[in-house]
Amino acid sequence: MSGEERAHDARDGLYERLRAYEGRPAATAGRGRDPVNLPMIRHWCEAMGDAHPAYRGPDAVAPPTMLQAWTMGGLSGHEGRSEEYGELLGLLDGAGYTSVVATDCEQEYLRPLRPGDEITFDAVVESVSPRKTTKLGTGHFVTTRMDVRAGGELAGTHRFRILKYAPAARPPRSPEGSERPRRPRPVINRDNAGFWEGVAAHRLLIQRCTACGTLRFPWLPGCNDCGAGEWDTVEAGGEGTVHSYVVMHHPPFPAFDPPYAVGLIELAEGVRMISNVVGVPYDKVRIGMPVRLEFRRFDEELVLPVFRAVEDGPAAGPGEGER
């Protein structure tokens with residue numbers, strides 16, 4: 001916390017009022033809307049591309065990372081949210097911190113969840129940070145801790161952190177003809193360096209476990225199916241379909257021009273990856289649309305794989321729908 005931020009908090013007394021909510025309930029006597037069940041487990045595993053045998057069959061358990069899924073209230077929201085938590089958020093809104101973004105979560109698993117388990121939970125406001133300034137804006141981080149129980153027995157803990165903030169002023173748009181800001185660079189480490197070397201050579205490489213033959217993407221140091229650490233690669237043929245997609249409208253980034261479509265692409269080899277869908281307007285992208293891999297150079301250093309829509313009929317004009 002900078003000296004300026006500390007002085008600001010001391011002047012208006014807001015932080016002390018916010019801290020008074022630490023330890024107060026955020027949700028009480030919450031109940032999962034459905035027991036743990038196989039259809040939901042199956043949908044989760046299909047969406048995540050997780051084919052581990054422990055999540056199938058008569059003795060199936062739920063993937064541990066589904067812990068929060070059993071507590072979610074759906075589009076109607078949580079009925080068990082406490083008045084105190086509403087007051088805390090209202091206090092932040094009243095101070096001008098009206099925007100919210102989830103920042104991270106931590107989970108601890110104490111016992112596996114099995115189909116038929118009835119889920120109950122309680123949550124507490126664990127901490128409220130001093131005033132922080134981020135690239136998104138200035139605000140406070142609020143952390144809640146949820147204790148998840150199955151049949152009254154503690155099954156896991158879920159910590160969830162949000163930033164309630166006042167958006168930073170948007171930088172002025174660059175004048176026409178000025179140099180366009182560069183895209184962010186990918187994070188390259190020892191586990192994925194081979195993938196990016198392939199991209200630079202216009203090859204999309206997929207890891208293959210040499211013990212069990214399972215293909216995996218994104219690149220990982222070991223096999224999810226059998227745990228083996230040895231692997232080689234196969235080159236993707238480039239054919240795929242849009243498995244799911246979103247249209248990005250906000251937040252704006254200097255190197256991007258929203259709205260644009262970001263797709264979860266299912267490759268013909270069976271793995272999925274996230275990339276831009278180009279070649280058609282963003283509002284014409286559809287689930288099941290066939291796409292074809294191409295490599296696009298964005299500047300003198302950066303080459304990225306993108307997927308061009310393959311449509312019946314006249315092809316889209318050059319650059320049409322591309323952002």
(message) Taking the basic N atoms (NZ, or NE/NH1/NH2) and the acidic carboxylate oxygens, is any pair closer than 4.0 Å for E118 and R149?
(response) no
(request) Inspect the contact between D299 and R297 and indicate whether a charged nitrogen and a carboxylate oxygen are less than 4.0 angstrom apart. (result) no
(request) Could you tell me whether the side chain of N192 and the main chain of F195 form a donor-acceptor pair under 3.5 Å? (result) no
(request) Hey, could you give me the OG/CZ distance between S275 and R296, rounded to the nearest 0.5 Å? (result) 9.5 Å
(message) Would the distance check show the side chain of D122 and the main-chain N or O of A29 forming a donor-acceptor pair, the cut-off being under 3.5 Å?
(response) yes
(message) If you apply the rule side chain to side chain contact (heavy atoms under 4.5 Å, CB included), what do you find for R159 with Q107, and how did you get there?
(response) CA-CA 6 Å; R159 282 183 174 83; Q107 293 184 334; over 6 Å; no
(message) Under a 3.5 Å distance rule, please check whether D50 uses its side chain to pair with a backbone N or O of M48 as donor and acceptor.
(response) no
(message) Within the 4.5 Å heavy-atom criterion, are V285 and Y260 side-chain neighbours or not?
(response) no
(message) Do L113 and V61 have side chains that approach each other closer than 4.5 Å (heavy atoms only, starting at C-beta)?
(response) no
(request) Would you indicate whether the side-chain heavy atoms of E239 and R292 approach each other to under 4.5 Å? (result) yes
(message) Please check this pair: side chain of H158 against backbone of M146, looking for a donor-acceptor N/O pair closer than 3.5 Å.
(response) no
(message) Is a donor from one side chain sitting under 3.5 angstrom from an acceptor on the other, for Y97 and R131?
(response) yes
(message) Please check if the number of heavy atoms outside R190 that lie under 6.0 Å from its CZ is greater than 12.
(response) no
(message) Check this for me, if you would: do R208 and E269 make a salt bridge, where the nitrogen-to-carboxylate-oxygen distance has to be below 4.0 angstrom?
(response) no
(request) State, without any angle test, whether T138 and T133 hold a side-chain donor-acceptor pair at a distance under 3.5 Å. (result) yes
(request) Compare all side-chain heavy atoms of P63 with those of W44 and state whether any distance is below 4.5 angstrom. (result) yes
(request) May I ask you to establish whether R183 and F298 are in a cation-pi arrangement, using a distance under 6.0 Å from NZ or CZ to the six-membered ring centre and at most 45° from the ring axis? (result) yes
(request) Flag yes if more than 12 heavy atoms outside R203 fall under 6.0 Å of its CZ atom; otherwise flag no. (result) no
(message) Regarding R24 and E22, does a basic nitrogen lie under 4.0 Å from an acidic carboxylate oxygen?
(response) no
(message) Between Y109 and L67, is there a side-chain heavy-atom distance shorter than 4.5 Å?
(response) yes
(message) Does any part of the side chain of T103, heavy atoms only, come nearer than 4.5 Å to the side chain of F141, both counted from C-beta?
(response) yes
(message) What's the separation between atom CZ in R272 and atom CD1 in I265, rounded to the nearest 0.5 Å?
(response) 11.0 Å
(request) To the nearest 0.5 Å, tell me how far D191 CG sits from W219 CH2. (result) 10.0 Å
(message) I want to know whether Y21 and Y85 have ring centres closer than 6.0 Å.
(response) no
(message) Donor-acceptor check, side chain of E294 to backbone of P305, threshold 3.5 angstrom: yes or no?
(response) no
(request) Keeping the roles fixed (side chain from R286, backbone from D283), state whether a donor-acceptor pair exists under 3.5 Å. (result) yes
(request) Examine distances only and state if a side-chain atom of T210 and a backbone atom of E230 form a donor-acceptor pair shorter than 3.5 Å. (result) yes
(request) May I ask you to test the L88-V125 pair for a side-chain heavy-atom distance under 4.5 Å? (result) yes
(message) As an exercise, state the distance from CG of L38 to NE2 of H43, rounded to the nearest 0.5 Å.
(response) 11.0 Å
(request) Give a yes or no on whether a salt bridge exists between D93 and K164, defined as a side-chain N under 4.0 angstrom from a carboxylate O. (result) yes
(message) Is the shortest side-chain heavy-atom distance between T214 and W231 below 4.5 Å?
(response) no
(request) Using a strict cut-off of less than 4.0 Å between a Lys/Arg side-chain nitrogen and an Asp/Glu carboxylate oxygen, indicate whether R216 and D225 qualify as a salt bridge. (result) no
(message) Whether the side chain of R33 engages the backbone of G73 through a donor-acceptor N/O pair (distance < 3.5 Å, no angle test) should be reported.
(response) yes
(message) Is it the case that the side chain of T241 and the backbone of H243 share a donor-acceptor pair, with hydrogens and angles ignored and the cut-off at 3.5 Å?
(response) no
(request) Verify the distance criterion only: is there a donor paired with an acceptor across the side chains of R161 and T143 at less than 3.5 Å? (result) yes
